[in-house]
Amino acid sequence: KELKGFNKVFLQPGESKTVTVSLNENAFQYYSDVENDWVKEKGSYDILVGGSSRSIKIMGKVKF
């Protein structure tokens, strides 16, 4: 798991808000020492949304 984006939101009790976090192509890359360049592996990536890594509220997938 890697944190790729976040928004800090303050809510009053009972209040809700829509929050958007955009992830561009760079969010799915890692630096390869072997290739000496940024690499994006083909496949399926899980997108997890929550207040913390232990409190996941929404899950989705993106494929490349």
Side-chain angles (χ1 to χ4, degrees):
K1 293 180 186 178
E2 296 180 11
L3 177 64
K4 295 296 185 172
F6 73 94
N7 284 332
K8 193 171 192 175
V9 179
F10 297 97
L11 299 174
Q12 296 299 319
E15 183 182 11
S16 66
K17 289 185 181 178
T18 299
V19 177
T20 301
V21 177
S22 298
L23 301 176
N24 62 21
E25 185 174 329
N26 295 338
F28 301 93
Q29 297 178 346
Y30 68 93
Y31 190 80
S32 169
D33 291 334
V34 174
E35 297 187 35
N36 201 30
D37 200 2
W38 290 94
V39 175
K40 180 180 67 178
E41 293 182 354
K42 290 186 178 185
S44 179
Y45 292 81
D46 294 327
I47 306 297
L48 309 175
V49 179
S52 73
S53 63
R54 287 175 266 141
S55 176
I56 303 303
K57 305 293 184 190
I58 302 170
M59 296 176 65
K61 288 189 180 287
V62 63
K63 292 182 183 181
F64 290 102

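Residue numbers run from 1 in the order of the sequence given.
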All side chain to side chain donor-acceptor pair (under 3.5 Å) counterparts of Q12, not counting sequence neighbours: none

Could you list the residues that satisfy side chain to side chain contact (heavy atoms under 4.5 Å, CB included) with V34, not counting sequence neighbours? S32

D37 side chain to Y31 main-chain N or O, any donor-acceptor pair under 3.5 Å? no

How about F6: does its CZ atom have over 12 heavy atoms from other parts shown lying under 6.0 Å from it? no

Hydrophobic cluster (4.5 angstrom, side-chain heavy atoms) - remaining members for V39: Y30

Taking all heavy atoms of I56 and all of I58, pick out the closest pair and write down the distance. CG2-O, 3.6 Å

Taking all non-hydrogen atoms of both residues into account, name the closest pair between T20 and N7 and its distance. O-ND2, 2.8 Å

For residues 2-22, which residue pairs pass the salt bridge (Lys or Arg N to Asp or Glu O under 4.0 Å) check, not counting sequence neighbours? E2-K4

With sequence neighbours left out, what residues match K61 under salt bridge (charged side-chain N to carboxylate O under 4.0 Å, His left out)? D46

Please list all pairs meeting side chain to side chain donor-acceptor pair (under 3.5 Å) that have one or both residues in residues 48-57, counting only residues at least two apart or in different chains. none

Check whether any side-chain heavy atom of K1 sits under 4.5 Å from a side-chain heavy atom of L48, and report yes or no. yes

With a 4.5 Å limit on heavy-atom distance, are the side chains of F28 and V62 in contact? yes

